[in-house]
Amino acid sequence: MFGRYKRDIAAVFARDPAAKSVLEVILCYPGLHALWFYRLSHFFYGHGLVTLARFISQVGRFLTGIEIHPGARIGEGLFIDHGMGVVIGETTEIGDNVTLYQGVTLGGTGKEKGKRHPTIGNNVVISTGAKVLGAICIGDNVKIGAGSVVLRDVPSNCTVVGVPGRVVVRDGQHLTDRTITEVDLQHNQLPDPVAEMILCLQRKIERLERRLEELEVNSEYAGDHIQYVDPEERSAGSR
């Protein structure tokens with residue numbers, strides 16, 4: 001148990017440059033407090049004491065602003081940065097070395113029983129305000145951009161942005177074989193497919209405008225050599 005607590009503290013130092021001392025981390029990091037409340041509540045949940053587990057979970061939610069259902073399954077090295085408003089549902093499964101920022105929701109999409117929350121792989125970063133909903137699978141080494149809403153499975157080594165979430169290519173870079181000290185936290189440097197599409201359309205419009213100007217110039221030049229026929233004369237000739 002104490003070994004796991006040490007790993008939880010080590011995860012904070014590995015991914016938060018603001019952490020200065022072990023005492024500071026233990027006293028001042030609500031994400032760590034919420035995780036420890038979860039560890040305790042999950043123990044009782046696994047032994048059938050559901051009401052006690054839920055009560056401990058609610059106490060942790062009241063004190064930290066982070067709600068982790070005691071039925072969730074969480075691996076090693078989870079780091080919840082700031083964490084206010086984070087929600088992790090009952091059937092959520094989280095791998096190792098996962099980072100969640102404030103406002104993240106790992107939730108369900110309906111009232112169905114059984115598996116209804118996402119499964120998160122290893123070395124995943126889910127940015128501020130992102131929502132991952134439903135019994136979907138998020139692969140290893142995935143980054144989810146701020147404010148994204150992910151409703152479908154995401155393969156490993158991908159970056160997801162937008163509403164609904166879309167997989168985008170990140171300069172061909174693959175985040176393989178990462179360790180806890182190498183988790184990519186650059187969630188502010190993500191491609192924007194909507195902005196890229198708008199820029200592409202703008203360039204096409206500019207090309208069309210230039211082409212239209214060229215055609216107008218050519219038509220003015222050719223106008224002196226064009227003989228226009230009255231429509232009535234044309235119809236009379238056809239008869």
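All residue numbers in this chain count up from 1 along the given sequence.
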Are the side chains of [Y] and [X] in contact, using a 4.5 Å heavy-atom criterion?
X    : Y    : answer
R54  : P70  : yes
F79  : L100 : no
I138 : I126 : no

- prompt: Do N123 and D140 have a side chain donor and acceptor closer than 3.5 Å?
  reply: no
message: Can a side-chain donor-acceptor contact be found between T91 and H117 if the only test is distance below 3.5 angstrom?
response: yes
Work out which heavy atom in [X] is nearest to a heavy atom in [Y]; give both atom names and the distance.
X    : Y    : answer
I66  : M84  : CG1-N, 4.4 Å
V160 : V154 : CG2-CG1, 3.5 Å
V25  : A19  : CG2-CB, 3.8 Å
A146 : S127 : N-CB, 3.4 Å
G145 : A130 : O-CB, 3.7 Å
Y29  : A18  : OH-C, 3.8 Å

Say you draw a straight line from [atom1] of [X] to [atom2] of [Y]; how long is it, rounded to the nearest 0.5 Å?
X    : Y    : atom1 : atom2 : value
I136 : K115 : CD1   : NZ    : 10.0 Å
I144 : T99  : CD1   : OG1   : 12.0 Å
L32  : I9   : CG    : CD1   : 6.0 Å
I88  : I94  : CD1   : CD1   : 4.0 Å
H33  : C28  : NE2   : SG    : 7.0 Å
H47  : H42  : NE2   : NE2   : 10.0 Å

Determine whether a donor-acceptor pair (N or O, by modelled atom type, separation under 3.5 Å) exists between the side chain of [X] and the backbone of [Y].
X    : Y    : value
R73  : T119 : no
D96  : N122 : no
K131 : G103 : yes

Look at the side-chain heavy atoms of Ile, Leu, Val, Met, Phe, Trp and Tyr, link any pair under 4.5 Å apart, and say whether [X] and [Y] land in one connected group.
X    : Y    : answer
V150 : V163 : no
W36  : V87  : no
Y45  : I74  : no
V167 : V124 : yes

task: Mind running side-chain contact (heavy atoms from CB on, under 4.5 Å) on I68 and I80 for me, showing each step along the way?
output: CA-CA 11 Å; I68 306 177; I80 304 176; 4.1 Å; yes
task: Dump the intermediate steps for side-chain contact (heavy atoms from CB on, under 4.5 Å) on R39 and D8, then the final yes or no.
output: CA-CA 11 Å; R39 303 274 190 218; D8 293 337; 3.1 Å; yes
- prompt: So which residues get pulled into L49's cluster when ILVMFWY side chains under 4.5 Å apart are joined, directly or through others?
  reply: F37, L40, F43, F44, L52, F55, I56, V59, F62, L63
